[in-house]
Structure formats: C-alpha cells, structure tokens
Amino acid sequence: MGNTRQPLTQAFSDDGEPSGTAGKPMLHVLTERELGNTLAVVVRYFGGVKLGAGGLVRAYSAAVSQATALASFTTISPQRELTLSLAFADEARLRQLLQQCAGEVLTQHYSHQVELSVRLPEPAVSDFIEQMNNVTAGQAQILSPLGTN
C-alpha cells in the first residue's frame, strides 16, 4: 500500500457522470484510508438524475468505503533473489544469517560447494552481503543477482 499523501501518480475519472461526483469521491475514500497502489471501479445501474449530485457522491463514496471494509490486504515489499555459492562448513551460519535478515532459501543444490538461491527484502540485501562476507571470511560468492520481484 503506497503512500497516498505523496503518490507517484494518481488519477480518477467521472466517466460521464456529472463532474466531481464519482472519481473524486472514490479517490478521497482511498486516500483517507491510506490505500495507495489501489484501483477502485464502481458500476452504477440506477440513480442518476433521481439521486442528484449529492446522492451520487454519497453512493460512490459508500460503494468504495464498503468494499474497503470487506477487503483483505496484503503488503507487498520489494524483494531480491540471489544465487550464492559457499562451502559446506558455512551453510548453517549462512542460513542463520539469512533468517536474521528475514530471507528465505528458495532452492539448494549440493556438489563440491553448496549453491543456494535465496530471497531477501530489498532493504536487507546490502547488510546481508556484508555479514555474509564476514561470516564466510569472504569465501562465499554471489553467482547471480536475479533481480527484483
């Protein structure tokens, strides 16, 4: 859920409704509930002239408000995947370090070295790499940074 007070972009549309009676009230509900990175779509089947401008504002606001009250939310944070190569003797310490950095092992492969594919929260990556170098005396290698998810 992005920052609704300083969004990178935001937009709304009244799509044929009287100006300011649909999109703006819907965006206002999302902003007040701090629901950034969110899209709200409301389809009106009845009302229009009979509701009047104030009724339309209340109807659109209520629709988005009720939907957000029933919604379940998931926080999505930037993650980075790395493939690491390390000695068997360092595996337990590296897994412990990974856990401390809120990371997870995605896959492991054993041959003459241990190869781990790991995922870490983006803010923890540089700290993890620094500590990994300390824990393994610089012997662990990053084979491939797989990018951001």
Worksheet, complete the sentence: For Leu143, the hydrophobic cluster (side chain heavy atoms closer than 4.5 Å, chained through members) also holds none
Worksheet item: Can you list every salt bridge (Lys or Arg N to Asp or Glu O under 4.0 Å) pair that touches residues 101-113, not counting sequence neighbours?
Response: Glu104-Arg119
Fill in: Over all atoms of both residues, closest heavy-atom pair of Thr83 and Ser117
OG1-OG, 3.6 Å
Discussion item. Looking at every heavy atom in both Pro78 and Pro123, which two are closest together, and how far apart are they?
Written reply: O-CD, 4.5 Å
Worksheet item: Atom OG in Ser65, atom NE2 in His28: separation rounded to 0.5 Å?
Response: 10.0 Å
Discussion item. Checking Asp127 now: which residues fulfil side chain to side chain donor-acceptor pair (under 3.5 Å) with it, not counting sequence neighbours?
Written reply: Gln131
Worksheet entry | Pairing residues for His109 by the side chain to side chain contact (heavy atoms under 4.5 Å, CB included) criterion, not counting sequence neighbours | Ser111, Glu115
Discussion item. Taking transitive links into account, so neighbours of neighbours count too, which hydrophobic residues share a cluster with Leu39 at under 4.5 Å side-chain distance?
Written reply: Val41
Worksheet item: Out of curiosity, Met26 CE to Ser61 OG, how far, rounded to the nearest 0.5 Å?
Response: 9.0 Å
Worksheet entry | Sequence-distant partners of Thr68, side chain to side chain donor-acceptor pair (under 3.5 Å), two or more places apart | Arg33
Item to complete: Using modelled atom types only, decide if a donor and an acceptor are shared between the side chain of Gln141 and the backbone of Ser85 within a distance under 3.5 Å.
Response: no
Taking only distance into account, with no hydrogens and no angle test, what donor-acceptor pairs under 3.5 Å do side-chain atoms of residues 96-103 form with protein atoms, sequence neighbours excluded?
none

Response to the item:
Looking only at heavy atoms, the pair that brings Asp14 and Gly20 closest together is OD2-N, 2.7 Å
Practice prompt. Please tell me if the side chains of Gln79 and Leu120 come closer than 4.5 Å, counting only heavy atoms from C-beta onward.
Written response: no
Fill in: Contacts of Val114 that satisfy side chain to side chain contact (heavy atoms under 4.5 Å, CB included) - sequence neighbours left out
Leu86, Phe88, Glu91, Tyr110, Leu116
Worksheet entry | From CA spacing to verdict: side-chain contact (heavy atoms from CB on, under 4.5 Å), Leu35, Phe73 | CA-CA 9 Å; Leu35 298 174; Phe73 299 97; 3.6 Å; yes
Discussion item. When you group the ILVMFWY residues by side-chain heavy-atom contacts below 4.5 Å and let the links chain together, are Leu106 and Leu84 in the same group?
Written reply: no
Fill in: Shortest non-hydrogen contact between Ala40 and Val64, atoms and distance
CB-CG2, 4.0 Å
Worksheet item: Residues in side chain to side chain contact (heavy atoms under 4.5 Å, CB included) with Thr21, at least two apart?
Response: Glu17, Pro18, Ala53, Leu56, Val57
Practice prompt. Please list, chain by chain and in numerical order, all residues satisfying side chain to side chain contact (heavy atoms under 4.5 Å, CB included) with Asn133, sequence neighbours excluded.
Written response: Ile129
Item to complete: List for me each residue that meets salt bridge (Lys or Arg N to Asp or Glu O under 4.0 Å) alongside Arg93, sequence neighbours excluded, and say none if there are none.
Response: Asp90
Worksheet entry | Residues clustered with Phe12, ILVMFWY side-chain links under 4.5 angstrom | Leu27
Discussion item. Please determine whether side-chain contact (heavy atoms from CB on, under 4.5 Å) holds for the pair Arg95 and Gln108, giving the CA-CA distance in whole Å, both sets of side-chain angles, and the decisive distance to 0.1 Å.
Written reply: CA-CA 11 Å; Arg95 284 180 181 263; Gln108 62 259 333; 3.0 Å; yes
